[in-house]
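See below for the structure under consideration.
Please read these numbers as outputs of a predicted model, since none were measured by experiment. Both counts, for ligands and for their atoms, begin at 1 and track the order of listing.
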Amino acid sequence: MKIGVVGLGYVGLVTSAVLAEHFNSVTGIDIDKNKIERLLEGYPPLYEHNLKEYLVRNKSRLTFSWDYNDLSGCDAVFVCTPTPTVNSRIDTKHVEGSCRAIAKVSPDSAIIIKSTVTPGTASKIRESTGLTVISNPEFTREGSAIMDTEKPDRIIIGGDKDDICETVWAFTGSPVLKTTNENAELIKYASNAFLATKISFINEIANLCETIPGADVEIVATGMGLDKRIAPYFLRAGIGYGGSCFPKDTQALLGFAEDKGVDLKIVRATIDVNNSRINHAIEMIKEDVEKMGIKKLCVLGLAFKNGTDDVRESRAIDLIKGLISSGIEVTYYDPVVTQDIRGAELSRSIGECVGSCDAIVIASEWNEFKELQNMNVTKPVFDLKRLLEMNYFKHYRGIGLWHE
Ligand code: UGA
């Protein structure tokens, strides 16, 4: 098929690469000319596992452009433009603008909305453009986006005239749920809000564990996860969820429901708990900083999680800023991010980072940080993601672990 993809962020680029891998001819459009130039030179503008290999391997079936006219004649165009949350409400101007532009240049294409949009958005766009508008929310995680797109747990398709979307994704062999646009749109929000709720729930249990001698949230979560109804996923306590999706989507869902006169109390509590995580971690660290006379901390991990260079809503950055405001010096290291943070010092390796500090803070789960277990570290370790085995360290303090 001839497929268009509008918006070449994580979702759009990965969708383009995977659809080209499965023999579609793909035209990717983005208004950012720099991004298009980089892509035409063969460089992906972001880090995602396997993305570069996919782009290189399928370059004969991939074209990139900033000109919407190049979409003319596409069978379907995926819309993957951003939907920011502004004042707790979703802003759909990018999605609506893309759809209007597609309608002008390719009025026979079906529009497939991948962007996360509140219920009613697709129907509104259908009314205003007169095009076929299908909702096909994405559930991929950054860091494993290619794998998730190749073999998703499920494919949700909303709207009538949905056959084209089912055909595009047939290669995945994944279960398909066909429904209305509105259900498809809400399934995405409800899924993200539910996963965020699991995280905030286990973070509250972590707070409780810290007050009970002998308690450890890791063991509690493992025990809970053995129950098939609960499942072990998204029960890792830490400094809260970050990234471009959960913080934005939980707020947008809450605001959307509020406008409908519905108070989503659990989602509200989930957000509140998440917002309290950084202060909680800083308080925990400060107790020992004072006791042990620690002056400089090394923070390992800067992106919002391991496996990505995305720093949007990164809890690690909030943590570093909070530590600096508390008068603590900070040096930091991330395997793929080299962004400057005012008032903190960037290290080029774990060794350099660890060597120049009095104590170590783990802020994301890169496997390479486990090297610390073989480095005979005698400095105190604050494990905010419960990545390390505590037995390797003399002074170890972990989130959700009782501490004298
Ligand atoms: C999330 C969802 O997992 C995807 O299904 C969805 O498609 C995507 O949002 C989206 O809406 O586009 P992503 O933001 O890439 O994907 O990252 P996750 O792996 O879900 O992690 C989100 C945050 O939660 C990270 O900060 C992570 O460190 C944190 N987290 C995750 C925990 O603190 N504990 C956990 O047990 C799991």
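- Heavy-atom neighbours of Asn87 CG from other residues, nucleotides or ligands within 6.0 Å: at or below the threshold of 12.
- Between Ser244 and ligand 1, not a single N/O pair is under 3.5 Å apart.
- Within a 6.0 Å radius of OH in Tyr392, other residues, nucleotides and ligands contribute 12 heavy atoms or fewer.
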(request) Using the salt bridge (Lys or Arg N to Asp or Glu O under 4.0 Å) rule, take Asp288 and Arg397 through it: C-alpha gap first, then chi angles, then the decisive distance, then the call. (result) CA-CA 9 Å; Asp288 282 3; Arg397 203 154 167 196; 3.2 Å; yes
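- In this structure, of Asn274, Ile199, Thr308, Asn306, the residue bringing a heavy atom nearest to atom 31 (C) of ligand 1 is Ile199.
- Using 4.0 Å as the threshold, Lys385 has a heavy atom nearer than that to some atom of ligand 1.
- Closest to atom 6 (C) of ligand 1 among all protein heavy atoms lies Thr140 O, 3.4 Å.
- For ligand 1, the atoms lying closer than 4.0 Å to a non-hydrogen atom of Glu138 are 7 (O), 10 (C), 12 (O).
- Judged by the shortest distance from any of its heavy atoms, Thr116 lies outside the 4.0 Å radius around the atoms of ligand 1.
- Residue contact check for ligand 1: Lys188 places a non-hydrogen atom closer than 4.0 Å to it.
- Numbered from 1 in the order shown, with element, the atoms of ligand 1 that lie under 4.0 Å from a heavy atom of Phe246 read 1 (C), 2 (C), 3 (O), 9 (O), 20 (O), 22 (C).
- Within the 3.5 Å criterion, the main-chain N or O of Ser65 finds no donor-acceptor partner in the side chain of Asp70.
- Summary of contacts: the protein heavy atom closest to atom 19 (O) of ligand 1 is Lys305 NZ, 2.9 Å.
- Taking the six-membered ring where the residue is Trp, Tyr241 and Phe246 present perpendicular rings, their angle passing 60° and hence far from 30°.
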(request) Please test Glu365 against Lys370 for salt bridge (Lys or Arg N to Asp or Glu O under 4.0 Å), starting from the C-alpha separation and ending with a verdict. (result) CA-CA 9 Å; Glu365 293 162 277; Lys370 288 190 182 161; over 6 Å; no
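- Heavy-atom contacts from other residues, nucleotides or ligands closer than 6.0 Å to CG of Asp153 number 12 or fewer.
- Distances shorter than 4.0 angstrom occur between a heavy atom of Cys245 and an atom of ligand 1.
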(message) Walk me through whether Arg348 and Thr338 qualify under side chain to side chain contact (heavy atoms under 4.5 Å, CB included).
(response) CA-CA 8 Å; Arg348 300 279 162 188; Thr338 52; 4.0 Å; yes
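- An N or O contact shorter than 3.5 Å links Phe304 to ligand 1 by distance.
- The nearest protein atom to atom 34 (N) of ligand 1, hydrogens excluded, is given as Arg236 O, 2.9 Å; this is a heavy-atom distance.
- In Asn192, the part holding a heavy atom less than 4.0 Å from any atom of ligand 1 is the side chain.
- With a 4.0 Å cut-off on non-hydrogen atoms, Arg141 touches ligand 1 through its backbone as well as its side chain.
- The pair Arg141-Glu48 does not meet the salt-bridge criterion, since no charged nitrogen lies less than 4.0 angstrom from a carboxylate oxygen.
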(request) Starting from the C-alpha separation in whole Å, work towards a yes-or-no answer on side chain to side chain contact (heavy atoms under 4.5 Å, CB included) for Val79 and Ile112. (result) CA-CA 6 Å; Val79 174; Ile112 305 181; over 6 Å; no
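- Residue Asn203 places no heavy atom under 4.0 Å from ligand 1.
- Within the listing of ligand 1, atoms 11 (O) sit less than 4.0 angstrom from a heavy atom of Asp249.
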(message) I'd like to know whether Glu138 forms a side chain to side chain contact (heavy atoms under 4.5 Å, CB included) with Val14, so could you lay out the CA-CA distance, the side-chain angles of the two residues, the decisive distance to 0.1 Å, and finally the verdict.
(response) CA-CA 11 Å; Glu138 61 83 32; Val14 169; over 6 Å; no
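- Ion pair Lys248/Glu313 not flagged as a salt bridge, since none of the NZ, NE, NH1 or NH2 atoms sits closer than 4.0 Å to an Asp/Glu carboxylate oxygen.
- Per-residue contacts place Glu142 under 4.0 angstrom from the following atoms of ligand 1 (heavy atoms of the residue considered): 15 (O).
- Nearest non-hydrogen protein atom to atom 37 (C) of ligand 1 is Phe234 CD2, 3.4 Å.
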(message) Please evaluate residues Glu21 and Arg61 with respect to the criterion salt bridge (Lys or Arg N to Asp or Glu O under 4.0 Å), reporting the C-alpha separation (whole Å), side-chain torsions for both, the decisive distance (0.1 Å), and the verdict.
(response) CA-CA 8 Å; Glu21 171 89 357; Arg61 285 188 292 273; 5.7 Å; no
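- Within the 4.0 Å heavy-atom cutoff, Gly242 counts among the residues contacting ligand 1.
- When only interatomic distances are considered, the shortest N/O to N/O separation between Tyr241 and ligand 1 does not fall below 3.5 Å.
- Annotation: atom 5 (O) of ligand 1 to nearest protein heavy atom, Phe139 O, 2.9 Å.
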